[in-house]
Amino acid sequence: ETGVTQSPTHLIKTRGQQVTLRCSSQSGHNTVSWYQQALGQGPQFIFQYYREEENGRGNFPPRFSGLQFPNYSSELNVNALELDDSALYLCASSLGTGVGSPLHFGNGTRLTVT
Amino acid sequence: EDQVTQSPEALRLQEGESSSLNCSYTVSGLRGLFWYRQDPGKGPEFLFTLYSAGEEKEKERLKATLTKKESFLHITAPKPEDSATYLCAVQPVNTGTASKLTFGTGTRLQVTL
C-alpha cells in the first residue's frame, strides 16, 4: 500500500511569486485535504477535494487554490506569496469524507518565503 | 467557533513514568475526535478516532478516552521512542460534506532513559 507522497519536500520562494505543490493520495483514497502548519502550531484546514470538486474551504484567501485530477492526485497553488505563507503544507487523503475514514497525511512541503 | 486546547504544551518523562495528556474542546456538535502523533519533519500519523463520551481506544502503551468536554491520552510506561508531538483534533457536525478538522497546538512529549 503506497502512502501519501508530496513534492517537493522543500521550496524557497520570493514574496510575490507563485508556487505549486503536488500530492499523490494513498492507494484507494478518493478525497484529498490540504492543511497549513505554521511552526509550533497545529495544522489549519485550507480546503478539501472530493471527486475533483472543492467541497469545503477554511479561512484562507482566494489566492490559495487547488485542483484534483481523475487519478485523485492534487495540486495546491498559492499566488502572490506573502512572508506569512512560510509554513509546512500538508496533504492528507481519505476514503470519502465521513468521520469513519481518518485522514492519512504525507510528510509535507516546507515552504519558505523570503 | 470550534476550539481545541491541549495541555501541557511540553512534557518530559523518564522511561516507565506514566502520565496523561489533555485535550479540551468546544464544538457545536462532535462528529469525531482524533489523536495524531507527529515526529519532527514528518506529517501527523493517525492514532485513534473517538466518537462519543465514555468511549476508550487502546494501542500498545497508549489509551485514549473521551468525555463531553475533554479527551485524555494516557501513556503507560513510556519508552524513548514515544517521544513526539501529540495532536488532538475535532471534526464538528456542522462542516457540511467536508471532513474538516480543527487541531490543537499539540503536546511535545520527551521520554528520557
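These values consider heavy atoms only, across backbone and side chains, with no hydrogens, waters or symmetry-generated copies. Throughout, a chain's letter reflects where its sequence line sits, starting with A, and its residues are numbered from 1.
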CG/A/Leu39: more than 12 non-hydrogen atoms of other groups inside 6.0 Å: no

Contact leader toward chain B among A/Asn107, A/Leu103, A/Thr9, where contacts are heavy-atom pairs under 4.5 Å: A/Asn107

Name of the residue among A/Gln26, A/His104, A/His29 meeting side-chain hydrogen bond (donor to acceptor under 3.5 Å, both in side chains) with A/Ser93: A/His29

Plane angle bin for B/Phe46 and B/Tyr36 - parallel if under 30°, tilted between 30 and 60°, otherwise perpendicular: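 Taking B/Phe46 first and then B/Tyr36, their aromatic rings stand perpendicular (interplane angle over 60°).
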
Note: B/Lys100-B/Asp2 ion pair, threshold 4.0 Å (strictly below):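 A salt bridge is absent here (no side-chain N lies under 4.0 Å from a carboxylate O).
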
B/Leu101, part contacting chain A, at a heavy-atom distance under 4.5 Å: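 Its backbone and side chain both get close to chain A.
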
Residue B/Gln6 versus chain A: region with a heavy atom under 4.5 Å: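 For B/Gln6, there is no contact with chain A at all, as no heavy atom is under 4.5 Å.
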
So which part of [X] gets closer than 4.5 Å to some heavy atom of chain B, the side chain, the backbone, both or neither?
| X | value |
| --- | --- |
| A/Leu88 | side chain |
| A/Tyr49 | neither |
| A/Gln6 | neither |

Member of A/Leu76, A/Asn77, A/Val78, A/Ile46 meeting the side-chain contact (heavy atoms from CB on, under 4.5 Å) criterion with A/Ser65: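 The passing option is A/Asn77.
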
